Amino acid sequence: MLINWQAPEHVYLVCGKTDLRKGIDGLAMVVAENFGLDLYNNSLFLFCGSRNDRFKALYWDDEGFILLYKRYENGSLRWPKNKSEVKELKPEQLNALFTGLSPFPERRIHTIKPGNLYLY
């Protein structure tokens, strides 16, 4: 069975590195114990290990858990590194993640020094 990535009501990205040797039970425990989120409310949970070219996803389909494993042959994911945090993704952020872009782009504001300001 394939999952439509847009179908779940909630898509959660587990930030930082997760041990991808864990299976369904281990990943479910990570979510339940560390973040207190409900595993059964039409949510998709995404996990990344130390390598950014693969991830696992955990999804409850009303009959049981589905564990997905995705590996990119060419390219990698931009996974947030801050540990012990879960971020909910919007559909456009999920698409950005799957195309190798950061789902949470950093806003950089450069300060201009008064001596470097030129008016024409």
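Model, not experiment: these values are computed from the prediction.
- Placement of Leu44 and Leu27 in two distinct hydrophobic clusters is found when ILVMFWY residues are connected by side-chain heavy-atom separations under 4.5 Å, directly or transitively.
- For Phe47, the ring-ring contact (aromatic ring centres under 6.0 Å, His included) test picks out no residue, with sequence neighbours left out.
- Partners of Asp19 under the side-chain hydrogen bond (donor to acceptor under 3.5 Å, both in side chains) rule, at least two apart in sequence or in another chain, are Arg21.
- In this structure, Pro8 and Tyr59 approach most closely via the heavy-atom pair CG-CE1, 3.6 Å.
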Please lay out, stage by stage, how Trp60 and Leu39 fare under the test side-chain contact (heavy atoms from CB on, under 4.5 Å).
CA-CA 7 Å; Trp60 175 260; Leu39 291 161; 5.9 Å; no
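- Between Arg54 and Cys48, the closest heavy-atom pair is O-SG, 3.5 Å.
- Grouping the Ile, Leu, Val, Met, Phe, Trp and Tyr side chains by contacts below 4.5 angstrom, directly or via other members, places Tyr40 with Val14.
- Judged as a side-chain hydrogen bond (donor to acceptor under 3.5 Å, both in side chains), and not counting sequence neighbours, Arg51 has no contacts.
- By the side-chain hydrogen bond (donor to acceptor under 3.5 Å, both in side chains) test, Asn41 pairs with Ser43, sequence neighbours left out.
- The distance from the CG atom of Leu20 to the OG atom of Ser50 is 7.5 Å, given to the nearest 0.5 Å.
- For Asn34, the side-chain hydrogen bond (donor to acceptor under 3.5 Å, both in side chains) criterion is met by no residue, not counting sequence neighbours.
- Side-chain contact between Leu37 and Phe45 is present, with at least one heavy-atom pair separated by less than 4.5 Å.
- Ile24 is linked by a side chain to side chain contact (heavy atoms under 4.5 Å, CB included) to Leu58, Phe65, Leu67, counting only residues two or more places apart in sequence or in another chain.
- Looking only at side-chain heavy atoms (C-beta outward), Val31 and Tyr12 stay at 4.5 Å or farther from each other.
- With values rounded to the nearest 0.5 angstrom, Met29 atom CE is found 8.0 Å from Lys22 atom NZ.
- When hydrophobic side chains of Ile, Leu, Val, Met, Phe, Trp and Tyr are connected at separations under 4.5 Å, Tyr69 ends up as a singleton with no cluster partners.
- Within the model, atoms NZ of Lys56 and CG of Leu68 stand 10.5 Å from one another, a figure rounded to the nearest 0.5 Å.
- Leu89 is listed as a side-chain neighbour of Leu46, based on a closest heavy-atom distance under 4.5 Å.
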